[in-house]
Structure formats: structure tokens, C-alpha cells
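Here is the structure we will look at, set down as C-alpha cells.
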Amino acid sequence: MEVNIEARRILAVSISKLYASRTQRGGLRLHRSLLLSLVMRSARDIYHSSRESEVPSGAQSAPEEPMDTSSNPGEQTRLPEAQTEPQPVLNSTETAPEEPDNTEDGCDSEIIEDKENLSPAKQSRKRRGKASAAPDFLPSKRARLEPGEERYEVPLGSCRAGESLTTLHTPPFRSKGLRRRMVQPSASLACCH
Amino acid sequence: MGEDAESPKINHTFLRDYVTEADVISTVEFNQTGDLLATGDKGGRVVIFQRETEVSLQSVFSSLSALGSRKVNQRRWARQGTLGSTMSTAHKTIKLWKVSERDKRPEGYNLKDEEGRLKDISTITSLQVPVLKPTDLMVEVRPRRVFANGHTYHVNSISVNSDGETYLSADDLRINMWHLGITDRSFNIVDIKPANMEDLTEVITAAEFHPHHCHLFVYSSSKGTLRLCDMRASALCDKHTKLFEEPEDPGNRSFFSEIISSVSDVKFSHSGRYLLTRDYLTAKVWDINMDKGPVETFQVHEYLRSKLCSLYENDCIFDKFECVWNSSDSVIMTGAYNSFFRMFDRETGRGVTLEAWRESSKPRAVLRTRRVYTGGKRRRGDVGVDSLDFTKKILHMAWHPSENIIAIAATNNLYIFQDRVNPETQAQ
């Protein structure tokens with residue numbers, strides 16, 4: 001679908017802009033980052049809703065909690081109070097536009113560390129996803145998805161789902177059928193292979 | 001900016017042939033009387049132009065690079081001082097500069113020679129009293145005060161109050177009020193920073209005091225709203241007195257709706273009755289008595305609406321255009337791409353496109369109107385949308401407070417145009 005392709009393209013462009021803005025002189029610009037995240041949110045929502053209308057819902061199992069974090073514009077643009085270089089968070093750089101899993105991850109990812117509003121849950125939240133587009137210089141810490149693989153087993157100990165999802169606001173656009181990366185500990189047995 | 005003090009013509013040739021980032025003009029403003037024109041550039045330099053005669057402008061080179069390589073975002077004139085004081089802001093610091101004229105200079109120093117070098121004390125055998133000798137009129141700008149540490153985010157606006165004593169400075173999330181004479185204290189009057197930055201949905205994009213009422217100010221947001229605040233209501237003006245918002249047209253919704261609705265500039269009319277705002281594609285006039293929507297909307301470059309995706313990719317969609325009123329509030333002006341700028345007559349609603357480009361602007365040449373071809377019969381001289389040069393953007397401009405003289409900043413060039421037919425603005 002046209003809209004689908006355009007949404008993916010916009011997502012990819014947005015992510016590269018966000019990534020580039022971290023290294024620019026003068027520090028991050030709050031306004032610009034906010035606008036970028038708004039565009040990413042629209043693109044992601046449109047992308048997912050258009051995919052839903054394409055794919056029958058059988059393949060997508062029970063309505064899992066979407067990544068609420070991503071729909072919050074502020075989430076993706078957590079800016080340090082001090083204008084220091086934020087720690088790179090790996091998943092922000094994963095963008096293989098051809099892979100649907102990836103774009104979802106890419107826009108969901110927490111890109112910038114906000115030193116002021118840091119909470120333990122967010123600090124260590126891991127994102128899974130394909131790493132094909134990740135630059136070499138970033139250390140690779142998480143498991144890589146093989147092509148075609150949709151879900152993976154998450155060790156219960158590393159799940160922060162409970163903490164992180166409950167603290168977030170309900171997004172205005174709520175896409176159904178998002179594959180959840182983090183698994184609720186109580187529901188993990190039902191969802192994992 | 002180069003210096004060419006000898007030329008009596010409206011001088012474009014003081015410009016260098018190459019453009020460096022530091023030379024890009026980032027702000028332009030006339031002072032209250034219109035005798036002085038100030039510009040700031042990305043290199044942190046402030047240059048003041050002084051009006052000498054009817055037709056020429058003497059350029060005065062003042063190197064004020066104390067700001068280092070910080071771009072001068074905004075400058076505003078205050079009333080104090082011989083000629084006035086000018087304020088500049090770069091990143092998070094605000095400086096007040098005193099502008100004064102000098103037509104005499106002391107000569108006959110005891111310890112310094114003519115070139116200013118220190119003399120060897122052993123060579124001095126007598127004392128003399130320095131005398132003041134007349135010299136060429138010079139405008140001097142000296143830093144007088146530094147208002148630092150008031151802001152966590154980049155300052156996007158400063159506005160001197162009509163009381164002549166206070167001013168406001170706005171960054172992305174806060175607006176502070178200062179006294180021009182006090183540098184170590186400021187009052188926070190607006191704070192939209194959420195407790196949790198994840199909840200951030202909008203930022204402040206511009207702010208300005210009312211031209212007559214010292215208790216009123218307005219600020220615009222990235223969501224396209226305007227808030228009028230009355231400082232008499234409370235110390236912290238988080239709760240607006242009036243919210244100006246236009247409902248979104250659902251037919252025009254796109255990925256970029258939020259970006260293009262972000263207000264890049266807001267200006268009170270000279271009368272204080274109207275507000276002028278600029279967002280990416282339009283300029284709007286609002287009546288402060290009516291908050292449901294603008295009273296006039298002017299399409300600046302509607303032909304770009306179908307190109308938003310490309311403009312997003314090349315970052316042009318983030319460009320922040322300024323807008324200005326003429327002295328009688330009958331005409332508004334704003335910039336566009338390809339060195340074009342637009343003027344709209346509020347009475348007729350008609351707009352005209354003009355170009356600020358060296359080749360077509362010989363001194364005393366009449367500016368001819370330009371057109372962007374958007375369909376229909378193509379006229380000679382029309383420019384196609386795809387031929388527009390998006391690197392030539394007119395972001396900053398100023399209109400003389402009482403006459404029909406405009407200053408347009410185009411990258412590193414400053415153009416000054418004067419209406420010879422109607423030099424004085426007709427009173428309405």
C-alpha cells in the first residue's frame with residue numbers, strides 16, 4: 001500500500017534525523033526533537049493501522065499491550081538537562097525499512113537518555129529486534145532476530161514490562177495487533193514459544 | 001559582514017563572495033526611531049547600521065564577538081542610552097549592549113602613542129592634558145550587562161516591555177521576566193515543563209509583550225496555539241487569559257500536520273489589537289478579542305503542501321520564518337524560499353511576491369513582482385515549484401517603524417528597500 005510504504009520511509013528518515021541530531025553541535029534541540037517524534041508517531045500509527053487492514057488478525061494473537069511508550073512524543077525525545085552527549089541506546093539505530101518488525105522497534109525505541117527523569121525501569125529496558133542497520137561502533141548487546149522470527153523467549157528476569165507499561169499514559173492512537181517484545185511475567189508462558 | 005564605509009549607495013557590495021556559516025544573518029531589527037538597524041549573525045557578531053541621509057545607510061562595523069561562535073538569535077532595541085540599548089540573545093545568555101554615538105575622541109595621551117601602543121616611560125619628559133578633537137561620527141556598541149543562567153533551554157525570543165524597564169525572555173519551556181538593570185535575578189512567569197518529560201507535547205516557540213499594555217504578553221506554541229497572559233492575574237501565568245486556537249482542517253491532515261502548524265513567529269500589531277503569526281505555509285492575523293480563529297489567513301506558499309515529504313527530508317520543513325507588520329498595520333510581510341518574500345495587503349487580501357537577489361537588485365532599481373507557476377497560463381518569468389532554490393530562504397526581516405523601508409536578510413546578505421512612491425506610511 002502506498003501509505004504503508006510512505007509511512008515506513010518517513011519513519012526511517014525520522015530515525016536517522018534523530019540519530020544525527022545527537023551528534024550535532026550545540027546539543028539537542030527540544031522543539032525539533034519533539035516535532036520529529038510527532039511525525040514518527042503519526043507514521044507509525046498509520047503504518048500499523050494500514051497493516052491491520054491488510055493482514056487478517058488470525059496471525060496476530062491476543063491483543064497484547066502495545067508499546068505505549070512509543071506513542072508518547074516526549075518519550076522519544078527525552079532530553080538531557082545538561083547539553084551532554086546522551087548515551088547511545090542501541091535499538092534506536094535499527095532501521096531496516098523492509099522489515100516491519102524493525103520499523104516498529106525503531107520508532108518505539110528510547111533514543112535519548114534523559115538524565116533528569118531517569119527511572120530504573122527505563123534505563124535498563126531492552127528492546128529486541130534485528131540489528132542489520134546498526135552501526136558497527138555501537139556494542140551489540142541484545143539477541144538478534146532471525147528473519148521471519150516473530151517472537152522469542154524472554155527470560156523472566158529481564159522483563160520490565162510490568163513496571164514500564166503501567167506508568168505510561170494511554171496513547172490517543174492505539175494500534176491493535178502490535179507484537180509485543182516485552183512479555184508480562186504472568187502471561188509469558190502463554191505467549192512464548 | 002564587510003565594511004565599506006565610503007560607498008554612498010545602498011550598498012550590497014560589502015558582502016563577501018563566499019558564504020560561511022558564521023556570516024549568515026540570524027536577526028534584523030530597527031530601533032524605535034528607525035535611525036538604526038541592527039543585525040546579528042551566526043558568528044555571534046552584531047552589526048549596527050546608522051541612517052545618514054534619505055537614501056544611504058552608513059555601515060558601522062562593530063565586532064562584538066564576545067559571544068564567540070554562538071548564533072545571535074534575537075535582538076531587540078531598548079530605549080535607554082544615547083541612541084538606545086540593544087539586546088541580543090545567543091543560546092542561553094542575554095546581553096545588553098549600549099549603543100552610543102561618538103563624534104569626538106581624546107588625543108594627547110601621556111602613556112600611549114598615536115597608535116595606542118604603550119610608550120616607554122623613560123621617554124616621557126613632560127605631561128600634557130589630553131584634548132577632545134572632533135572626529136567622524138561613529139556608533140559604538142559596548143556590552144553593558146549579561147543576563148546569564150536564566151535559561152535551561154535555548155532562548156528563542158526576547159521582548160522589551162513598553163514600560164522600558166523590564167523585558168521577557170522565552171526558551172522552549174519557560175518564560176522569564178527580567179529588569180534591564182538587574183542581572184542576577186529574574187522572575188519565571190510561564191513554565192510549561194511537565195513533571196515528567198515524557199508527557200511533553202508542546203513547546204514555546206515565540207513570545208512578545210503587548211506594545212502598550214505592560215501587563216500583557218503573548219506566547220505561541222508548537223501546536224499552533226497562542227496564549228495571551230495577563231501578569232496582573234497571578235505571578236505565574238501558566239493559566240492563560242485567552243487561548244487562540246484554530247480547529248484543524250481534517251481534509252488537510254497528513255504526517256506533517258503538527259510540524260506545519262507550529263507557529264514560528266508572533267507579533268503584535270502596532271495598535272495592539274491584532275496578532276500576526278507565521279506557521280510553515282501561512283501567515284495569520286488574529287483579533288485579540290476573538291479566540292476562535294484568525295480573522296485573516298494568507299497563503300504564503302501553498303504550492304509546497306504537496307511537497308512536504310521532500311521538505312521534511314531536506315529539513316526545510318523546520319525552517320522558522322518571521323513575519324512583520326508595516327507601521328500602519330495595513331500590510332504584513334513574511335519570507336519564503338528562492339530569495340522570495342511576500343507582502344499582503346490586509347484590505348484587499350492580495351499578496352505580492354518580491355525577490356531579494358543581488359543580480360536583480362541594482363541600486364534604485366524597481367523591484368518587480370515575481371510569480372511561482374502553479375498551473376494555468378504560464379507567464380514569462382514564472383518560476384516552477386521544482387526550480388525553487390530551498391537554500392535561499394528569507395527567514396528574517398524588519399520593517400521601519402514609521403516609513404516604508406524594509407530590511408531583508410537573505411543568508412549573509414542584507415537588502416534594504418525603500419518605497420519611493422509612498423515613503424511615508426499613510427495614516428489610516
Side-chain angles (χ1 to χ4, degrees), chain A residues 3 5-7 9-14 16-17 20-21 24-47 68-83 110 112-119 122 164 167-169 171-172, chain B residues 21-22 42 44 68-71 73 90-92 151-157 170-174 192-206 220-224 253-264 279-280 308-315 317-320:
Chain A
V3 172
I5 297 167
E6 208 197 346
R9 184 164 144 243
I10 288 170
L11 270 172
V13 167
S14 308
S16 63
K17 282 188 192 300
S21 69
Q24 79 188 22
R25 200 164 166 252
L28 290 158
R29 285 174 286 176
L30 183 61
H31 185 198
R32 186 188 151 96
S33 306
L34 178 65
L35 293 176
L36 282 174
S37 66
L38 289 172
V39 171
M40 281 167 59
R41 180 176 62 158
S42 307
R44 186 206 59 158
D45 292 333
I46 289 172
Y47 171 72
D68 294 4
T69 56
S70 53
S71 56
N72 244 320
E75 173 75 11
Q76 286 142 294
T77 60
R78 298 207 243 117
L79 302 165
E81 285 294 329
Q83 298 280 331
E110 159 195 336
I112 294 143
E113 193 178 75
D114 177 3
K115 293 189 170 48
E116 192 185 57
N117 293 318
L118 218 44
S119 76
K122 288 155 187 61
S164 46
T167 53
L168 301 163
H169 294 251
Chain B
E21 181 69 13
K42 287 194 173 180
S69 55
R70 297 296 180 89
K71 175 181 133 184
N73 282 332
H91 277 213
K92 302 166 191 170
H151 288 279
T152 314
Y153 299 95
H154 298 173
V155 178
N156 55 51
S157 315
D171 67 21
D172 289 322
L173 297 176
R174 295 188 179 99
I192 63 167
K193 185 175 180 197
N196 193 347
M197 280 295 271
E198 291 173 15
D199 302 333
L200 182 73
T201 54
E202 67 182 326
V203 298
I204 297 169
T205 52
S220 59
S221 82
S222 55
K223 272 191 173 169
R253 182 114 185 90
S254 76
F255 292 112
F256 310 104
S257 297
E258 281 109 347
I259 299 190
I260 63 170
S261 63
S262 178
V263 173
S264 54
D279 50 62
Y280 192 64
L308 292 179
C309 197
S310 319
L311 294 165
Y312 179 69
E313 284 177 39
N314 66 15
D315 273 357
I317 208 173
F318 299 104
D319 287 337
K320 297 189 166 99

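Labels below follow one simple rule: chain letters A, B, ... track the order of the sequence lines, proteins then strands, and each chain is numbered from 1.
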Applying a strict 4.5 Å limit to non-hydrogen atoms, the region of B:Lys223 in contact with chain A is neither
The interface call for B:Tyr312 against chain A, heavy-atom contacts under 4.5 Å, is both
Okay, B:Asp171 and chain A: the region with an atom under 4.5 Å from a heavy atom over there is neither
| NZ/NE/NH1/NH2 to OD/OE distance under 4.0 Å, A:Arg32 and B:Asp315 | yes
How about B:Ser220 and B:Thr205: does a side-chain donor come under 3.5 Å of a side-chain acceptor? yes
The interface call for B:Ile317 against chain A, heavy-atom contacts under 4.5 Å, is neither
Sorted by chain and residue number, the ring pair (Phe, Tyr, Trp, His ring centres under 6.0 Å) partners of B:Tyr280 (sequence neighbours excluded) come out as B:His301
NZ/NE/NH1/NH2 to OD/OE distance under 4.0 Å, B:Glu313 and A:Lys17: no
Those residues at least two apart in sequence (or on a different chain) that pass side-chain hydrogen bond (donor to acceptor under 3.5 Å, both in side chains) with B:Asn314 are none
Honestly, the part of B:Ser257 sitting under 4.5 Å from a heavy atom of chain A is neither
